[in-house]
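Structure provided below as structure tokens; questions to follow.
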Amino acid sequence: MSAIQKELSQLIQKGLKELFSLSVEEIILQETKKEFEGQYTLVVFPFSKEAKMAPPMLANQLGEYLKSNCDLVKSIQVVQGFLNISLKNEVWTKILQELSFQKSFDLATKSEKVLIEYSSPNTNKPLHLGHLRNNFLGYSVAQILKSAGYDVVKTNLVNDRGIHICKSMLAYQLFGNNETPETSGLKGDHLVGKYYVAFDKAYKKEIDTLLLTGLDEESAKKEAPILKQAQEMLLKWEQGDKEVVALWETMNNWVFEGFAASYKVMGVDFDKTYRESNTYLLGKELVQEGLNSGVFFQKEDGSVWIDLTDEGLDQKLVLRKDGTSVYITQDMGTAQLKYEDFKASQSVYVVGNEQDYHFEVLFHILKKLNKPFSNGNYHLSYGMVDLPSGKMKSREGTVVDADDLMAEMVQTAKDRTLELGKIEGFSEKESNELFNDLGLGALKYFLLKVDPKKRMLFNPEESIDFQGNTGPFIQYTHARICSIQRKAQEQNITQEPIGNFDQLENCELELIFLLNDYSNKIDESAKNFAPSVIANYAFELAKQFNKFYNELSILNEEDGKKKNFRLILADQTRKTIQHSISLLGIKAPIRM
RNA sequence: GGUUCCGUAGCUCAGCUGGAUAGAGCAACUGCCUUCUAAGCAGUAGGUCUUUGGUUCGAAUCCAAACGGAAUCACCA
């Protein structure tokens, strides 16, 4: 709640008490709808019963009370049970003045450490569009929580071991002819991904052959020789077989180099990167510990399970019969390691909603093991990015590649900018930087403006827009303001304190209202782990500024006080846009 | 089949801790560049908020059911 909202709320509480002897704990002030007069609206229906008074009358009496008991309120308007409150213009100009004096947009520190795990790629294939949503989300949520006053640690958990990794390793051994990123000209992660696809192709072929011999499908899937070979390879890896480990290291390093390049383009980073190859053994220890304490149980074949039927779930495997660890084994180990390293009070996992069940199980297991890190865990479960044809599948090659898509976006930004002839006087370096900022801005905004929980659709046939509700629209507004400020500087215009000023146009008042609302938005988006709140806000703000820009002139305004006020208004808008999109990982060009 | 999530304009999405005549953008149509960047602004058109019940002074929002869609229920991750 902003300061003005608090002040009004307290006054309303006082008024309700004095007039009607009502004690109301929390006053909810909503924004007045555009078609009515005012900025804040109080819905009085809830009080009318207890006060034994018809809503309009109650609203009127309360409104009169507000008018005569404070000097903030300019006028009131009562429509049925709605009390619309207009504040004096001086109140708004003073709010703008105070905002412009603020050193930082960040909320007060909460003295609490939050750990955010995101990205978490597998080292058997390159990143795709789904990973982009994950990375942009994770980075943005980290930025937002920082701004909301938390101490944030960004971690990445690389899934660098397991049967799926062995699959691409095996396919490489079989069909690779020792090619390397250098000899093939392929980025390391793409090269490895090629063999992941190759494995699946060979596997399917073997299944078909087995089916012809009369085997049923389920057995064929289990008995295919290439799968058995991959399983043997995993066992060898866990036993430390030199040759297998050497191949694993070589291929993993190719992938890491590839990922590093992708992360750089994405503009994301991490405070600490964990590898599952380092955490799975710790997970195995935890399995043993749970086995000893009776949290887990062992079946005859040697596999280890947990029974979660009492929690409404079912039995879950935590260790295979051959003793190799599964996905959840290593997640248990990683949880412990993260706790030891950072002792964070909250731990957020940015992982797709296809793994809802997995995390439900994981959190239950940690509780049952009675670990100190079993509290404060949150699965930020985001929706899948679907194609018009349905789900993306790496194995089947129906994915939108992350590197390709980012490159395309930058290219589109370039084409579009050149078309508009907007880079006069730009150096080549500046131009390329701009194309990057715009292309990535468009992409990030596209992925972040949607509520994280919702699945979203991406149509590769339709390019991502640069007009309307888009990143570039907001960036454009920022550049526009910068342009005005450059002109002001050329004219040697300096900003003076606003002082007592009340000559406000409606579009200016609405702009101040939005600027004042920004801290509420940071708070809301942090509470919900939802960058979409910030994205939508930034768009609203940019739209409102453009309206103002079109209706009124800043530099051509003759009244010096008005001109000064508008310059401050523009400057505060610029700062707020810049900060809000920085929370989304989007750059704000000063010219475009 | 069990569990979970979703269904708002032709399309992509806001709005959902119950509040006034349900909002944006894209696409379509009409205007606005000798005036601070037209990647902009203003306007027209487009809706039984999937359906049916219930709770309430008041429901897109809460509850129940039906219909439609998705995810998951692997010794894959």
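Per chain, numbering begins at 1; letters A, B, ... match sequence-line order.
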Practice task
Would you please confirm or rule out a distance under 4.0 Å between OP1 or OP2 of A20(B) and any side-chain N or O of K33(A)?
Solution key: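 Indeed, a polar side-chain atom of K33(A) lies that close.
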Fill in the blank from the handout: On a heavy-atom basis, the closest approach of K449(A) and N536(A) is O-ND2, 3.8 Å
Handout entry: Spacing of the P atoms in G7(B) and U34(B) (rounded, Å)
Key =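 Approximately 47 Å lies between the P atom of U34(B) and that of G7(B).
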Practice task
Pick the C1' atom in C26(B) and in A9(B), then give their distance to the nearest Å.
Solution key: 12 Å
Exercise for the section: May I ask you to say what E354(A) touches in the nucleic acid, namely base, sugar-phosphate or nothing, with a heavy-atom cut-off under 4.0 Å? Expected result: sugar-phosphate
Problem - C1' gap between A24(B) and U50(B), integer Å - result: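 That atom pair is separated by 22 Å.
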Exercise for the section: Please figure out whether Q77(A) or Q231(A) has its closest RNA chain B nucleotide nearer the 5' end. Expected result: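 Looking at RNA chain B, the more 5' nearest nucleotide goes with Q77(A).
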Problem - Atom NZ of K221(A) with >12 non-hydrogen neighbours under 6.0 angstrom - result: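 Not more than 12 within 6.0 Å, no.
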Practice task
Using the C1' atoms only, state how far U30(B) lies from A45(B), rounded to an integer number of Å.
Solution key: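 Taking atom C1' in both A45(B) and U30(B), they lie 11 Å apart.
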Exercise for the section: Nearest 0.5 Å please: distance from the CZ atom of F435(A) over to the CG atom of D415(A). Expected result: 9.0 Å
Practice task
With rounding to the nearest 0.5 Å, note down the distance linking CG in L58(A) to NZ in K52(A).
Solution key: 13.0 Å
Exercise for the section: Could you check if the base of C33(B) is syn or anti? Syn means the glycosidic torsion is within 90 degrees of 0. Expected result: syn
Problem - G1(B) and G25(B), which share atom name P, separated by this distance in whole Å - result: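 Per the computed distance, 43 Å lies between those P atoms.
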Pick out the pairs of N or O atoms, protein on one side and nucleotides 4-13 of chain B on the other, that lie under 3.5 Å.
residue	atom	partner	partner atom	Å
C13(B)	OP1	L457(A)	N	3.0

Practice task
Taking the side chain as every heavy atom from C-beta outward, state whether E31(A) and F513(A) have any pair of such atoms under 4.5 Å apart.
Solution key: yes
Handout entry: Whole-Å P distance, C11(B) and U17(B)
Key =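 Going atom to atom, P in each nucleotide, I get 26 Å.
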Handout entry: Salt bridge flag under 4.0 Å for residues K228(A) and E206(A)
Key = no
Practice task
Could you tell me whether V326(A) contacts a base, only the sugar-phosphate backbone, or nothing, with contacts defined as non-hydrogen atoms closer than 4.0 Å?
Solution key: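 Sugar-phosphate, backbone atoms only, no base.
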Exercise for the section: Tell me, please, whether Y280(A) has R161(A) positioned over its six-membered ring: NZ or CZ under 6.0 Å from the ring centre and within 45 degrees of its axis? Expected result: yes
Practice task
Take F82(A) and Y327(A), find for each the nucleotide of RNA chain B with the closest heavy atom, and name the residue whose nucleotide sits nearer the 5' end.
Solution key: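 With F82(A) and Y327(A) compared, the 5'-side residue is F82(A).
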Handout entry: Counterpart residues, ring pair (Phe, Tyr, Trp, His ring centres under 6.0 Å), relative to F45(A) (two or more places apart)
Key = F82(A)
Fill in the blank from the handout: Pairing string of RNA chain B (Watson-Crick or G-U wobble, both atom distances under 3.5 Å; | = paired to other strand) is (((((((..((((.....[...)))).(((((.......))))).....(((((..]....))))))))))))....
Problem - U8(B) and A71(B), which share atom name C1', separated by this distance in whole Å - result: 22 Å
Exercise for the section: Considering only atom P, compute the distance from A20(B) to U35(B) and round it to an integer number of Å. Expected result: 43 Å
Hey, what are the protein-to-nucleotides 56-63 of chain B N/O distances that come in under 3.5 Å?
none

Practice task
Please list, chain by chain and in numerical order, all residues satisfying side-chain hydrogen bond (donor to acceptor under 3.5 Å, both in side chains) with T324(A), sequence neighbours excluded.
Solution key: R320(A), D322(A)
Practice task
If a protein heavy atom is under 4.0 Å from the base, mark B; if only from the sugar-phosphate, S; if neither, -; do that for nucleotides 30-44 of chain B going 5' to 3'.
Solution key: -----SBBSBSSS--
Problem - Donor-acceptor pair, side chain of Q485(A) and main chain of A570(A), under 3.5 angstrom - result: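 Looks like no, no N/O pair under 3.5 Å.
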